[in-house]
Amino acid sequence: MRKFEKSVKLNNVCYDIRGPVMDEADRMIAAGEQILKLNIGNPAPFGFEAPEELIKTMSNNLANTEGYSDSKGLIEARRAIIEYDNKKNIPNVTEDDVYTGNGVSELITLSMQGLLDYGDEMLVPAPDYPLWTASVTLAGGTAVHYICDESSGWYPDVKDIESKITPRTKGIVVINPNNPTGALYPESVLKGIVKLAEKHDLIIYADEIYDRLVMDGKKHVSIASLAPDCLCITFNGLSKSHLIAGYRVGWMSISGNKKNAKGYIEGIKLLSSMRLCSNVPAQSLIAPALKMLDETDKLIQPGGRVYEQRECIVNLLNDIPGVSVVKPEAAFYCFPKLDTKKFNIHDDERFALDVLRKKRILFTHGGGFHWEEPDHFRIVYLPNKRILEEAAYQLKDFLSDYRQID
Ligand code: PLP
């Protein structure tokens, strides 16, 4: 009998989205059990409401956004994106260099499909947002993971990156601010990466979807602004900063040195045309949304929900014997560490399953983010403080006598 499946086993590279833990959660939910989901960065179910003005604009525009748009997107949207890129000092982005997408997700996949041949390598962070590894793999490439170092605030280890560059390396993915660690990278680290990209002629893929969710008065620097001599593709969108993940609005901008990328850019154009265009009513929100950049500021200031929830979860986690966490500076994730000796943990997926079954709390184990050691897990701290307190209490209780069986 023929087997119908791709030889690349995608469920091996995209656990965050599927895998045994998610399957078990689905089974429990179907059986009527209540589960606390700390596994997905989707603000809406946790009482975050999209800005009223955007909802109105979307509904008012429905009648005049019925048709396909230009495959790259509405011109007003692309102009607003260029204005945003200019503010972030991303160089030489023209109307031709901007592509809107059904979320950043679609464009990540498209940009990998347009580039990679079998055997090509892409440097991807570990831990990563797993869609990157999945997209590289789906396109036929090999994701080579470089280490982000917990002991230095989860910043990329530039030496490790350099040691993994080979003649087949085509590019480097930089997720800043980062999912799952919540780290915000300083300019010095970004400059180190740019130097490598210049030296080895690598494309920089900058996933900056959390750039407007930065706390503690820090400022996000776009890596493309430091790399005018490299080819850069910067990804951004409205799912997180404007709390409209379900509307599916994202974009990518090509900047820097495009001289040797004619063929690649032709491929991107073709792939973009093949999906005709991205959701047009959603595109119509880009220009107004990018005029409302301080809309979510209140969430990330002291007293705001995201800020206060971060303070709450970080303190509570660091209070659990055998658990420690680097304080995140952006987004709404943290990536706590477990004392594997204390708990005899050798399989982090097993640990996530055990917590799920015993405490009905769902989170993603570190391996879901291509973190090799079984000593981390990710918490999404979007639920309100009361729920986070309860989750931390239950986790502490669970860990008080947990020892993983060999
Ligand atoms: N990039 C990162 C780092 C993310 O965390 C996410 C979603 O969680 C995405 C991209 C996908 O975002 P979108 O909703 O625009 O597809």
Side-chain angles (χ1 to χ4, degrees), residues 13-18 22 37-46 48 50 54 73 77 81 84 98-112 122 124-136 138 143 145 148 154 156 172-185 204-214 220 222-223 233-253 272 275 278-279 282-283 285-286 289-290 296 306 328-335 363-364 366 368-371 378-382:
V13 287
C14 213
Y15 290 96
D16 178 39
I17 295 163
R18 286 259 46 105
M22 281 299 296
K37 291 187 173 177
L38 300 180
N39 69 316
I40 182 157
N42 185 14
F46 300 108
F48 289 91
L54 289 188
I81 292 163
Y84 185 72
V98 176
Y99 296 76
T100 62
N102 295 305
V104 164
S105 308
E106 180 188 37
L107 298 170
I108 291 175
T109 308
L110 186 153
S111 65
M112 292 299 107
M122 183 62 60
V124 177
D128 71 341
Y129 175 60
L131 185 71
W132 277 103
T133 296
S135 296
V136 169
L138 180 65
H145 292 105
C148 295
W154 284 119
I172 175 157
V173 176
V174 180
I175 305 172
N176 176 40
N178 190 268
N179 178 8
T181 64
L184 174 74
Y185 302 158
I204 297 175
Y205 292 89
D207 182 342
E208 301 188 344
I209 192 165
Y210 298 101
D211 73 336
R212 295 174 293 278
L213 291 173
V214 170
H220 175 265
S222 243
I223 191 167
I233 307 190
T234 304
F235 299 80
N236 214 319
L238 302 181
S239 292
K240 316 293 177 172
S241 64
H242 290 73
L243 308 166
I244 48 172
Y247 291 9
R248 312 306 298 125
V249 202
W251 60 87
M252 64 180 186
S253 304
S272 169
R275 47 111 219 211
S278 69
N279 179 331
Q283 285 180 46
L285 297 182
I286 293 174
L290 290 181
T296 37
V306 173
E329 296 184 313
F332 31 66
Y333 310 102
C334 59
F335 200 54
F363 50 69
T364 308
F369 306 97
H370 303 101
W371 185 253
R378 184 191 70 173
I379 285 193
V380 177
Y381 57 83
L382 283 169

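Below, all heavy atoms of this structure are taken into account, side chains as well, without hydrogens, waters or symmetry copies. Note that ligands are numbered from 1 as they come in the structure, with each ligand's atoms numbered from 1 the same way.
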Sub-4.0 Å heavy-atom contact, Arg248 with ligand 1: yes
Within-shell test, Gly103 vs ligand 1, heavy atom, strictly < 4.0 Å: yes
Among protein heavy atoms, which lies nearest [atom], and at what distance?
atom	result
atom 12 (O) of ligand 1	Ile209 CD1, 3.4 Å
atom 15 (O) of ligand 1	Val104 N, 2.7 Å
atom 6 (C) of ligand 1	Tyr129 CZ, 3.4 Å
atom 2 (C) of ligand 1	Asp207 OD2, 3.3 Å

Matching residue for Asn178 among Tyr210, Tyr129, Tyr185 - test: side chain to side chain donor-acceptor pair (under 3.5 Å): Tyr185
[X] heavy atoms, cut-off 4.0 Å: which ligand 1 atoms fall inside?
X	value
Lys240	7 (C), 8 (O)
Ser239	13 (P), 14 (O), 15 (O)
Ile175	3 (C)

Geometric class of the Trp251/Tyr84 ring pair [parallel <30°, tilted 30-60°, perpendicular >60°]: perpendicular
Any donor-acceptor pair under 3.5 Å from [X] side chain to [Y] backbone:
X	Y	value
Lys240	Gly41	yes
His242	Ala289	yes
Asn279	Val249	no
Glu208	Ile223	yes

Check: Trp132 and Met122 side chains under 4.5 Å, non-hydrogen atoms: no
4.5 Å side-chain heavy-atom contact, Thr100 and Ile81: yes
Within reach of ligand 1, part of [X] (heavy-atom separation under 4.0 Å):
X	result
Tyr210	side chain
Asn179	side chain
Ser105	both

